[in-house]
Amino acid sequence: ERYLVTVGETLAVLAAPDVGPLVLGAGLRLGLAGAESNVAVGVSRLGGSATWIGRVSEDQLGDLILRELRAEGVTTVAVRDPAPTSLQLRERRTATHSRTRYYRTHTAGSRLSADDIPEPLVAGAAVLHITGITPALGEGPSQAITRAVDIAVDAGVPVSLDINFRSLLWSEEEAGRALLPLLRRSDLVFAGPHEARLVVPGADEPEELAKGICDLGPTGAVIKLGAEGAFALLDGQGYQQPAVPVTVHDSVGAGDAFVAGYLAELLAGEPPEQRLRTAVVLGAFAVATTGDWEGLPRRSELELLDHHDDV
Ligand code: CKP
Ligand code: MG
């Protein structure tokens, strides 16, 4: 069976449903986040096989993470760890501005190590998907990603990398320096324009950024342009993909949704045009619904956004 394998940290989110500063007694909604597990869920909902590798706490939040991922049909390869689950606090300071804070040091997910990566599982995958978040979590997670890429490259498994720069975790300089060697060994790279400039400084337009990435080694670069869709350079051929217009409710998770749509179609053997089309449809679902992954579509729902409901 053709499956995607991904490695990363899934965290608990405490999100304020109301707009305004946090006050005593405010409600906080419990959710789950994590770029790599978001992608795994998105692929699984579209009928693809996805395996997520990571460390989870031995407490109730660790149980919750595994229960939800498994309920979504994702295969989990989890090392249980006595350390707590990482948290992400999200405050909706105004309707359009949020403040977020991570509590993700000395946590289960950040104690991931190279020994946690099972070789046959990665070597047997159709694609390995990683993001720039995991290497930012520390020495152990960074080595785990390098180990996964070593196994994939040796086995001829294509590597997909989403740069996913997080300014709360490291500086642009640190990120550029750490991600460049991973990018050089990747086959397919996803990035927003700002993220692409971390590795291709001086370039500006999506076409230049994609070309700059491919000059470093990958055969494919997909520049995610949000409401403007995406530009992809795949095996030397350029593709322009417009977005699906929707009302934005919550843009977190849009990038992961896009990647999930693209990779699910890649697993299904679909051509680039179809991969990019499904990618923007998943991105639209993610921004039009609340939660990072909860609103992602099943395959039967992909056409839902093509027409408006006048009922
Ligand atoms: O780039 P995206 O908005 O798609 O990524 C969102 C995820 O893993 C989210 O689930 C969050 O917890 C994180 O990125 C992160 O660690 O920042
Ligand atoms: Mg992203």
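Values in this document were obtained by computation on a predicted structure and should not be read as measured data. Note that ligands are numbered from 1 as they come in the structure, with each ligand's atoms numbered from 1 the same way.
Looking at Asn164 against ligand 1, only its side chain comes within 4.0 Å, counting heavy atoms. For Asn38, every heavy-atom contact with ligand 1 shorter than 4.0 Å involves the side chain, none the backbone. Residue contacts with ligand 1, taken as heavy atom pairs separated by less than 4.0 Å, involve Arg90 solely via side-chain atoms from C-beta onward.
Comment: Arg299 engages Glu265 in a salt bridge, judged by a side-chain N to carboxylate O separation of less than 4.0 angstrom. In this structure, Arg29 does not pair ionically with Asp250, as no charged nitrogen and carboxylate oxygen lie closer than 4.0 Å. Note on Asp116 versus Arg147: no salt bridge recorded, every NZ/NE/NH1/NH2 to OD/OE distance being 4.0 Å or above.
Numbered from 1 in the order shown, with element, the atoms of ligand 1 that lie under 4.0 Å from a heavy atom of Asp292 read 9 (C), 10 (O). For ligand 1 and Ala254, the ligand atoms under 4.0 Å from any heavy atom of the residue are 4 (O). Every atom of ligand 1 with a heavy atom of Gln88 under 4.0 Å away is listed here by number and element: 11 (C), 12 (O). For ligand 1 and Ile133, the ligand atoms under 4.0 Å from any heavy atom of the residue are 8 (O), 13 (C), 14 (O), 15 (C), 16 (O). Of all atoms in ligand 1, listed by their number and element, those nearer than 4.0 Å to a heavy atom of Tyr102 are 15 (C), 16 (O), 17 (O). With ligand atoms numbered from 1 in the order given, ligand 1 contributes 2 (P), 4 (O), 5 (O), 6 (C), 7 (C) to contacts under 4.0 Å with heavy atoms of Asp256. Heavy-atom proximity to Arg104, at under 4.0 Å, picks out these atoms of ligand 1: 15 (C), 16 (O). Taking a cut-off of under 4.0 Å to the non-hydrogen atoms of Gly255, the atoms of ligand 1 that pass are 4 (O).
Scanning the protein for heavy atoms near atom 8 (O) of ligand 1, the closest one is Ala35 N, 2.8 Å. Taking atom 14 (O) of ligand 1 as the reference point, the nearest protein heavy-atom neighbour is Arg166 NH2, 2.9 Å.
Side-chain atoms of Glu9 and Ser86 form a donor-acceptor pair, as typed in the model, at a separation below 3.5 Å.
Contact between Lys224 and ligand 1 is absent, with no heavy atom of the residue lying under 4.0 Å from the ligand.
Each of Thr6, Asn164, Thr131, Thr10 was scored for a side chain to side chain donor-acceptor pair (under 3.5 Å) with Glu36, with one residue passing: Thr131.
Residues Ser49 and Val43 come closest through the heavy atom pair O-CG1, 4.2 Å. Contact between Leu11 and Arg104 at its shortest, heavy atoms only, is CD2-CZ, 3.3 Å. For the residue pair Thr134 and Pro141, the shortest heavy atom distance occurs at O-CB, 3.2 Å. Between Gln88 and Ala33, the closest heavy-atom pair is OE1-CB, 4.1 Å.
At least one N/O/S atom of Asn164, from backbone or side chain, sits under 2.8 Å from the Mg ion (ligand 2).
When only interatomic distances are considered, the shortest N/O to N/O separation between Leu11 and ligand 1 does not fall below 3.5 Å.
Among Gly253, Gly31, Ala136, the residue whose heavy atom lies nearest to atom 3 (O) of ligand 1 is Gly253.
Judged purely by atom type and a 3.5 angstrom limit, Arg99 has no side-chain atom pairing as donor or acceptor with the backbone of Arg92.
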